[in-house]
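For reference, positions follow the sequence shown, starting with 1. Keep in mind the model is a prediction, meaning the values are calculated, not measured.
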Amino acid sequence: MATTQTPSWREGMSSDNIKGLVLALSSSFFIGASFIVKKKGLKKAGASGVRAGVGGYSYLYEPLWWVGMITMIVGEIANFAAYAFAPAILVTPLGALSIIISAVLAHIILRERLHIFGILGCVLCVVGSTTIVLHAPQEREIESVTEVWQMAMEPAFLLYAASVMTAVFILIFHFIPQYGQTHIMVYIGVCSLVGSLSVMSVKAIGIALKLTLSGMNQLIYPQTWIFTLVVITCVLTQMNYLNKALDTFNTAVVSPIYYVMFTSFTILASVIMFKDWDRQSPTQVVTEMCGFVTILSGTFLLHKTKDMVDGPAANLSIRLSKHAEEDGFSGGEGIPLRRQESSRLP
């Protein structure tokens with residue numbers, strides 16, 4: 001009986017999928033830690049200059065922010081490599097680990113309280129991620145970057161890309177000036193929508209580099225460089241608006257909401273462009289979606305319990321948080337939601 005189980009496991013997790021899994025896990029550790037380091041840098045820079053949340057760029061002169069950025073770059077490189085070996089449906093949901101790491105470190109370093117239900121949320125994220133990993137589709141065999149380009153030029157994905165760009169422009173030019181400082185979904189919406197396009201291009205570049213290193217040069221194709229330009233543009237946009245979100249709102253809120261929206265749009269883009277579900281049975285697809293819903297439940301718990309406290313201090317904390325919000329401050333960190341002339345809270 002043991003001999004029949006081993007092939008089944010190998011069939012479920014190919015060597016490429018395993019490589020992608022290891023790289024994705026490493027990426028989550030680095031990215032999760034980078035959120036905290038960058039947040040510390042943003043807070044330090046905002047104390048002596050114009051905050052990123054209101055259009056300032058003083059954080060560019062803060063060494064701690066650059067440490068966080070380098071940490072994130074290392075994580076993104078690992079993530080970049082993971083997409084070259086495994087499908088987006090496998091790689092992207094593993095970003096839940098970065099939420100767990102970010103929440104735990106925020107509790108320890110930034111003193112953003114992590115309630116017992118937040119811990120349960122972390123467990124649900126792990127369970128959901130494991131479910132997706134065990135039922136993820138095999139990576140599609142692609143022999144040239146031009147094949148990826150043909151997928152991107154199909155009507156279904158062109159419609160998706162056009163819809164994303166339209167939504168992003170509306171958010172940037174209409175909603176951000178009015179609601180950017182009070183509604184977290186505005187900044188996160190831009191990051192997530194643009195992020196789904198960047199992941200598709202990152203996967204195309206990863207495939208091109210993997211094929212090039214194996215002896216089939218893909219750098220001679222203009223499509224490789226077009227995908228590269230798309231990645232650079234999308235990543236710069238994501239970085240800008242993610243900094244604004246981190247500087248304006250609580251880290252424990254930004255991380256899970258960004259993960260949920262980014263992962264949802266990325267899976268949708270991957271299903272449309274690479275047709276991942278075409279190679280799976282309905283049972284596998286349903287199981288993957290159940291795993292994703294489990295992750296969503298975990299991130300929901302992390303979000304809803306971020307301000308919960310145990311014991312008699314709960315009512316006092318709620319009252320203080322309410323007064324702080326009325327004065328334009330977020331309860332968890334003392335970071336103003338809009339620019340204040342008075343001194344910042346410690």
Side-chain angles (χ1 to χ4, degrees), residues 12-13 16-17 20-21 23-25 27-28 31 76 79-80 82-99 124-140 142 148 151-152 154 156-165 167-168 185 188-207 227 230-231 234-235 238 255-300:
M13 289 291 289
D16 276 354
N17 275 22
L21 172 62
L23 288 167
L25 292 176
S27 170
S28 294
I31 292 176
E76 293 295 350
N79 196 49
F80 176 94
Y83 283 111
F85 293 98
I89 288 181
L90 168 60
V91 175
T92 307
L94 292 179
L97 265 183
S98 67
I99 297 177
L124 288 174
C125 288
V126 172
V127 172
S129 297
T130 303
T131 302
I132 291 177
V133 166
L134 294 178
H135 296 85
Q138 301 292 342
E139 174 68 336
R140 180 173 181 170
I142 297 177
V148 182
M151 297 177 189
E154 291 185 0
F157 187 76
L158 286 177
L159 177 61
Y160 173 79
S163 301
V164 165
M165 295 309 300
V168 166
M185 299 300 290
I188 300 301
V190 173
C191 295
S192 303
L193 288 166
V194 173
S196 67
L197 297 182
S198 70
V199 168
M200 298 303 101
S201 298
V202 161
K203 185 169 181 63
I205 297 171
I207 291 171
F227 282 127
V230 172
V231 168
C234 291
V235 168
Q238 284 178 266
S255 298
I257 294 180
Y258 177 52
Y259 166 78
V260 171
M261 293 186 64
F262 171 72
T263 303
S264 299
F265 284 120
T266 299
I267 290 177
L268 177 60
S270 182
V271 168
I272 294 174
M273 181 170 171
F274 290 96
K275 300 178 175 59
D276 293 320
W277 286 346
D278 289 356
R279 306 188 300 278
Q280 292 190 285
S281 67
T283 301
Q284 289 176 308
V285 173
V286 170
T287 304
E288 287 174 7
M289 295 310 298
C290 288
F292 185 51
V293 170
T294 303
I295 296 175
L296 295 185
S297 301
T299 55
F300 175 80

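When all heavy atoms of L90 and A136 are compared, the pair lying nearest together is CB-CB, 3.7 Å. The two atoms that bring I132 and F292 nearest to each other are CD1-N, 3.7 Å, heavy atoms only. Nearest heavy-atom pair across A86 and V91 is CB-CG2, 3.8 Å. Heavy-atom minimum distance, G20 versus A82: O-CB, 3.5 Å. Between I188 and Y258 the shortest heavy-atom distance is CG2-CA, 3.6 Å.
Judged as a side chain to side chain donor-acceptor pair (under 3.5 Å), the pairs with a partner in residues 193-202 (not counting sequence neighbours) are, in order, Y160-S196, S198-Q238.
Here the straight-line distance linking atom CG of L124 with atom CG of L296 works out to 11.0 Å at 0.5 Å rounding. Within the model, atoms CD of Q284 and NE2 of H135 stand 7.0 Å from one another, a figure rounded to the nearest 0.5 Å.
Within the 4.5 Å cutoff, the side chain of V271 has heavy atoms near those of the I89 side chain. Side-chain contact between I295 and P93 is present, with heavy atoms from C-beta onward closer than 4.5 Å. Looking at heavy atoms from C-beta onward, V148 lies in side-chain contact with M273 at the 4.5 angstrom threshold.
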In residues 260-268, what donor-acceptor pairs under 3.5 Å come from side-chain atoms, sequence neighbours left out?
| residue | atom | partner | partner atom | Å |
| --- | --- | --- | --- | --- |
| T263 | OG1 | Y259 | O | 2.7 |
| S264 | OG | V260 | O | 2.7 |
| T266 | OG1 | F262 | O | 2.7 |

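Considering only residues two or more places apart in sequence or on other chains, F227 meets the ring pair (Phe, Tyr, Trp, His ring centres under 6.0 Å) condition with W149. In this structure, E76 has no salt bridge (charged side-chain N to carboxylate O under 4.0 Å, His left out) partners at least two apart in sequence or on a different chain. S270 meets the side-chain contact (heavy atoms from CB on, under 4.5 Å) test with A88, M200, F274, D276; sequence neighbours excluded. Remark: T130 engages V126, L134 in a side-chain contact (heavy atoms from CB on, under 4.5 Å) (not counting sequence neighbours).
At least one donor-acceptor pair under 3.5 Å links the side chain of N17 to the backbone N or O of P137. Distance alone, capped at 3.5 Å, places no donor-acceptor pair between the S27 side chain and the L23 backbone.
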Intermediate values then yes/no, side chain to side chain contact (heavy atoms under 4.5 Å, CB included), L21 and V133: CA-CA 8 Å; L21 172 62; V133 166; 3.9 Å; yes
